[in-house]
Amino acid sequence: MGEHKLGEHSTPKPGRRVSAVVVPLLGLIAVIVGVVLAWSNLETNVGWFAYAPLSNEVFVGDNGSFISKETQLGLGIAGIGLLLLAFWAGLAMGRRR
């Protein structure tokens with residue numbers, strides 16, 4: 001009970017080995033999908049106007065951004081993937097010490 005022999009080594013748990021492969025793989029896939037999604041939707045139409053004196057319509061822009069919603073989504077997914085990779089790298093460096 002609680003005794004360890006000198007020549008005995010503990011084996012790593014299978015859950016830790018799986019997470020060591022799955023977490024960076026998911027992060028890398030998220031980065032690739034996000035970059036492809038952002039890259040494929042680069043073109044957006046921006047209509048510039050200076051003055052519309054006789055219109056009674058109120059202009060409502062698209063959140064004031066010059067990139068499309070799909071590009072914003074792609075950049076967000078890539079950012080989440082990079083955060084996941086950074087978390088995994090910090091966790092791996094902490095385990096080594």
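- Here the CG-CD1 distance, from L73 to I77, works out to 4.0 Å after rounding to the nearest 0.5 Å.
- In the hydrophobic clustering of ILVMFWY residues, with side-chain heavy atoms under 4.5 Å counting as a link, I29 and L83 come out apart.
- A distance of 10.5 Å separates CG in L28 from CG in L84, rounded to the nearest 0.5 Å.
- Atom CD of Q72 is separated from atom CD of E70 by 9.0 Å, given to the nearest 0.5 angstrom.
- Through chains of ILVMFWY side-chain contacts below 4.5 Å, L85 is grouped with V31, V35, L82.
- In terms of heavy atoms, A30 sits closest to G81 at CB-CA, 3.7 Å.
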